[in-house]
Amino acid sequence: MKYNPQKIEKKWQKKWEEEKTYQVDLDKVKKPYYNLMMFPYPSAEGLHVGNMYAFVHSDVYGRFMGLQGYNVFEPIGLDGFGIHSENYAIKIKEHIKDVSSRTEKNFYKQLHMIGNAYDWTKTVETYKPNYYKWTQWLFLKMYEKGLAYRKKSSVNWCTSCKTVLSNEQVISGKCERCEAQVEKKDMEQWFWRITNYAEKLLKNLDWIDWSEDVKTIQKNWIGKSEGALVKFKIKNLEYILEVFTTRPDTLFGCTYMVVCPEHELLSKFQSKIKNYSEIEKYIKKSKIKSDIDRTDLNKDKTGVEVKGLIVINPVNNKEIPLYVADYVLSGYGTGAIMAVPAHDERDMEFAKKFDLDIIKVLKTDEECFVGESISINSGFLNNLETKKAKIEIIKWLGKKKLGKGTVNYRLRDWCVSRQRYWGPPIPMIECKDCGWVPVPEKDLPVLLPDMSDFLPDGSGKGPLNKIKEFVNTTCPKCGSPAKRETDVSDPFVDSSWYYLRYLSTESNNQALDKKRLKKWMPVDMYIGGKEHSVLHLLYSRFVTMVLHQLGYVPEEEPFKKFRAHGLLISEGAKISKSKSNIVNPDKYINQYGADAVRMYLMFLGDMRQGGDWRDSGIEGMYRFMVRIYKLIDKVDDKKPDDQLIRLLHQTIKGVQNDLMRLKYNTAIAKLMILANKIQELGCNKEILNKFAVILYPFAPHIAEEIWEVLGNKKSIFKEKWPKYDKKLIQEKTWELIIQIDGKVRDKIEVKKNISEEEAKKITLSQDKVKKWLGNKKPKKIIYIKNRLINLVV
RNA sequence: GCCGUGGUGGCGGAACUGGUAUACGCGCAUGACUUAAAAUCAUGUGAGAGCAAUCUCAUGUGGGUUCGACUCCCACCCGCGGCACCA
């Protein structure tokens, strides 16, 4: 029989569909296992091989858990709303709605081809009203809880996408989607108060079972700093200048103060500032500067003294000067700092340039020392270690009502409004008399109206603003004329809760099916890319925490276990159009079959490290599939070889361990070794049956086919993972490695578990050993049972 | 600069808690089959020396700990990812 993957795969995919093999009755099953993968955003180019790489890793795990007796729920959907899809439609000059329905078909076709165990009856598409109705519902819940609010602030503006972005969507100064430079702009926007959850988001990282690197990225992003808030009086003014510092112990060394150009103090006391025109010029200049210029570390520090305003250091009542400088950021802390040049590099640089006092308050020989030491020149803090000094000064500040110990986070609130078309309209209405009023839940969804000209215009308002019938409405509260919000929400809002909706797709009158969520949440295993560490993965945790408090989700954390996969590259380089190393999965699936492509992708290396796709490699894997298929012809009724039985059981154990550790590459290597042995020796039905079962997670179609040819009636998925026999795995003999001074000099086959005495005797009687020893006697003999013996001369 | 992660044959990569470095695959070479080629099968394949048995050297670099180090410790170099004047 010839291996025909195209035929086999079509046959089995049809059968799985007809027999509802992977459909899960979410209410009835006994052992729920929620196996999640990151639903793709459907680009028009089609499913990317990188998607397939991630999805197959996830599917292999899901199928393995199925064989362990779990009822595995493996859903899929499309994250189709968003700038990425919209930008593509604009590029090819088609309407996003048309592009969307086309890519949906194409994506689902491709997702069928890869042979995953999806439950196709519970898909979600974020751009359909029956989904985004509930995304809008989520916004209303946030608003009810006081977690959605409007604020005017300096926000990230992408000049190319013509919309604001969240902090998380600015990647080293550039737009996450189009890589254009991002500017700062003062605008009023909708925010979600993720910062309320900063501590919880950080703390739970201690116990959730996630890839460590992703946890570290989130931890750094949240950026907790412990320190103190210190209040500085300004001479002859009723104003308290507050600063945040992580080093209150160095307060005696504070010789000047700096505020950011945006600080309220400057405009408030214009009349008191003697050189205000100079200050004004500096403020204007720093506004024009792009973010890149402003954060360039190599550039010189600039600033202007604020003449006329004198600050008083509360700890010693010394009068110190005040400066405005753009090295102090408005968004962090209080937008003002106490400068301690002797113990902060930036302050030192600034102090030298402006010839300001530098006072050492820590024991050190270094000119600028930023570490911990013992306080000096610090009054009552003298001779205290930094840790102790911090505690003492915070106590002192508290007593005098001049400050307190406090915590500061780098994390900012999530800006969720977007001035674009292809998203869920934010369900809010502005009334002259009532202010902002939420759309009543019964009026959801606020349908996204059809419009031919959906291009963003950069006016700061979304394209929906152009449709009068959409904008003009009545206030739900008082009935007078009012206007709708015309921004749509961030596509990351859509994906922050999709894993909850999978469990609730049949409910048309509620967002979430609480009973099911209780049964299925949290997600048991989530495999995905770490590029979402501070985007989707952070937002989802936040949203779940809120929904947990509202009583919808049983636990605070959405994903019990998360494992990040590395990047798939091709021919040694990042996959990109310009490098013309694009890998089209369809082409390879059509040529070699999905099983071969799956196996090859899983064989590339350690999942965490990513992989390097080489065209030459897939051929080898195809050859292996052909050989596997031919094993059917090797089946006979002879009593199988002992050696083969031992190898079978070793393989079952090894593959099982590798699957649990997500080391698929070594699992496949073990399958190859077994297959090669079967090819050499032949085997009986029972052995090949077991081989088919352990092959099944990786190559489900060929495994089912072999399984059927061997006379089995039900799908392998109803089968259990085979048990290995511990006794059969044991080898009777082992190879004793003889080392002399740590170098291998000989190897002999000996019985298992021989004693040290026996081993010594055997070793010393070897001719080679005698030759190496000469007339010397070993000083020391180290014997490691069932491994080696080392003679130290 | 800080945080994380990696560096092993011609290539992708193995090596669980310190115990045979290079599993498995690709590629290459030789042979079998064939008129020939492809496919398939068999054998070999880290480098160097040697007719050979065998020996020496090799896991980014330099040190160290140990009977023994890809694995542990110290210093440094390079790649990748994140953050970046965060007070």
Side-chain angles (χ1 to χ4, degrees), chain A residues 171-173 212-221 223-225 227 243-247 250 258 260 294-299 301 325-329 331-340 343-347 349-350 370 408-411 530-531 533-534 566-567 569 571-572 574 599-600 603-606 608-621 623-624 626-627 630 654 657-658 661 663 665-673 676 679 735-747 768 771 778-784 786-793:
Chain A
I171 314 289
S172 12
E212 283 304 316
D213 46 351
V214 172
K215 287 210 246 181
T216 309
I217 293 171
Q218 287 207 352
K219 203 172 164 181
N220 293 343
W221 185 260
K224 181 179 183 175
S225 318
V243 304
F244 172 75
T245 176
T246 54
R247 294 302 297 269
T250 60
V258 190
C260 62
R294 215 180 137 166
T295 54
D296 186 358
L297 283 159
N298 298 320
K299 105 184 150 73
K301 297 237 169 332
D326 63 9
Y327 83 90
V328 173
L329 307 173
Y332 187 79
T334 62
I337 60 154
M338 57 175 242
V340 185
H343 305 292
D344 182 287
E345 278 162 17
R346 296 150 301 174
D347 297 346
E349 193 190 329
F350 193 82
V370 298
N408 208 7
Y409 300 92
R410 216 192 66 105
L411 184 71
K530 55 176 166 240
E531 67 273 17
S533 297
V534 294
L567 191 68
I569 60 171
E571 310 290 338
K574 234 184 209 176
M599 290 280 281
Y600 182 57
F603 187 60
L604 285 174
D606 189 330
R608 288 168 305 176
Q609 246 60 65
D612 187 358
W613 173 288
R614 308 245 164 188
D615 276 2
S616 53
I618 179 91
E619 302 241 4
M621 193 51 83
R623 283 204 285 272
F624 178 58
V626 173
R627 281 215 306 277
K630 281 191 188 149
N657 286 342
D658 287 347
R661 296 186 303 143
K663 295 279 224 167
N665 54 334
T666 51
I668 291 172
K670 288 176 178 105
L671 289 171
M672 285 173 168
I673 292 169
N676 291 344
Q679 187 180 311
E735 207 174 29
L736 172 67
I737 307 298
I738 298 174
Q739 294 186 340
I740 292 173
D741 279 337
K743 289 195 174 168
V744 181
R745 294 302 179 193
D746 206 358
K747 302 171 187 180
K768 269 189 203 162
K771 199 186 103 199
K779 280 183 212 145
K780 200 172 163 188
I781 296 177
I782 288 138
Y783 176 63
I784 311 290
N786 297 337
R787 275 204 198 268
L788 54 76
I789 189 160
N790 189 7
L791 311 179
V792 187
V793 188

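Naming: A, B, ... by sequence-line order, numbering from 1 per chain.
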Q) Relative to A:Tyr327, does A:Lys301 satisfy both conditions: NZ or CZ under 6.0 angstrom from the six-membered ring centre, and within 45 degrees of the ring's axis? A) yes
Close side-chain approach of [X] to [Y], heavy-atom, < 4.5 Å:
X	Y	value
A:Val744	A:Ile738	no
A:Ile618	A:Trp613	yes
A:Asn676	A:Arg627	yes

How would you label the contact of [X] with the nucleic acid (heavy atoms, under 4.0 Å): base, sugar-phosphate, or nothing?
X	value
A:Lys768	sugar-phosphate
A:Asp606	sugar-phosphate
A:Gly223	nothing
A:Arg614	sugar-phosphate
A:Trp221	sugar-phosphate
A:Leu791	nothing
A:Asn657	nothing
A:Ile737	base
A:Asp658	nothing
A:Glu345	nothing
A:Asp213	sugar-phosphate
A:Glu531	nothing
A:Lys574	sugar-phosphate

Distance below 4.0 Å between [X] side-chain N/O and [N] OP1 or OP2:
X	N	value
A:Arg745	B:rC55	yes
A:Lys747	B:rG19	no
A:Lys780	B:rC67	yes
A:Thr246	B:rC86	no

Spell out, as yes or no, whether a donor-acceptor pair under 3.5 Å connects the side chain of [X] to the backbone of [Y].
X	Y	answer
A:Asn665	A:Phe603	no
A:Asp347	A:Val340	yes
A:Glu571	A:Asp615	yes
A:Arg745	A:Gln739	no
A:Arg247	A:Val370	yes
A:Tyr600	A:Glu619	no

Q: Only counting residues at least two apart or in another chain, list the ones meeting side chain to side chain contact (heavy atoms under 4.5 Å, CB included) with A:Ile782.
A: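 In terms of side chain to side chain contact (heavy atoms under 4.5 Å, CB included), with neighbours along the sequence ignored, A:Ile782 is linked to A:Lys780, A:Ile784, A:Asn790, A:Val792.
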In whole angstrom, what separates [X]'s [atom1] from [N]'s [atom2]?
X	N	atom1	atom2	value
A:Asp746	B:rU54	CG	C1'	12 Å
A:Asp741	B:rU66	CG	C1'	13 Å
A:Ile668	B:rG12	CD1	P	18 Å
A:Leu567	B:rC80	CG	C1'	10 Å
A:Leu604	B:rA23	CG	P	18 Å
A:Phe603	B:rC24	CZ	C1'	4 Å
A:Asp347	B:rC85	CG	C1'	10 Å
A:Asp612	B:rG27	CG	C1'	14 Å

Q.
What I want to check is whether an N or O donor and acceptor connect the side chain of A:Lys670 with the base of B:rC24 at under 3.5 Å.
A.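 Answer is no: no donor-acceptor pair is held.
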Taking the side chain of [X] as its heavy atoms from C-beta onward, which of [options] lies nearest to it?
X	options	result
A:Gln609	B:rC24, B:rC85, B:rU5	B:rU5
A:Arg346	B:rC86, B:rC67, B:rA14	B:rC86
A:Phe244	B:rG4, B:rA87, B:rG12	B:rA87
A:Leu329	B:rG13, B:rC86, B:rG19	B:rC86
A:Thr216	B:rG25, B:rG19, B:rG4	B:rG4
A:Lys743	B:rC57, B:rU20, B:rC24	B:rC57
A:Asn665	B:rA87, B:rC83, B:rA14	B:rA14
A:Gln739	B:rC83, B:rU20, B:rA14	B:rU20
A:Met672	B:rA87, B:rG82, B:rG25	B:rG25
A:Asn790	B:rC16, B:rC26, B:rC67	B:rC67

Q) Base, backbone or nothing for each nucleotide of nucleotides 38-49 of chain B, written B, S, -, heavy atoms under 4.0 angstrom, 5' to 3'? A) --SS--------
Using the [atom1] atom as the point on both nucleotides, what is the distance between [M] and [N], in whole Å?
N	M	atom1	answer
B:rG4	B:rU54	C1'	47 Å
B:rA15	B:rA52	C1'	32 Å
B:rU59	B:rU22	C1'	9 Å
B:rA75	B:rG25	P	41 Å

**Q.** Flag if over 12 foreign heavy atoms under 6.0 Å of NZ, A:Lys219
**A.** no
Q: Using a strict 4.0 Å threshold on nitrogen-to-oxygen distance, state whether A:Lys215 and A:Asp213 make a salt bridge.
A: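 No, A:Lys215 and A:Asp213 are not salt-bridged.
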Q. Of A:Tyr332 and A:Gly610, whose closest RNA chain B nucleotide lies nearer the 5' terminus?
A.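 Result of the comparison: A:Gly610.
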Q: Select from A:Ile784 and A:Gly333 the residue whose nearest nucleotide in RNA chain B is closer to the 5' end of that strand.
A: A:Ile784
Q | Base-pair map of RNA chain B as dot-bracket, where | denotes pairing with a different strand and pairs are Watson-Crick or G-U under 3.5 Å | A | (((((((..(((......[....)))((((((.......))))))((((....))))..(((((..]....))))))))))))....
Q. What's the base orientation of B:rG9: syn (chi within 90° of 0) or anti?
A.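 It is syn.
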Q: Evaluate the criterion side chain to side chain contact (heavy atoms under 4.5 Å, CB included) for residue pair A:Asp606 and A:Lys663; output intermediate values, then yes/no.
A: CA-CA 6 Å; A:Asp606 189 330; A:Lys663 295 279 224 167; 3.4 Å; yes
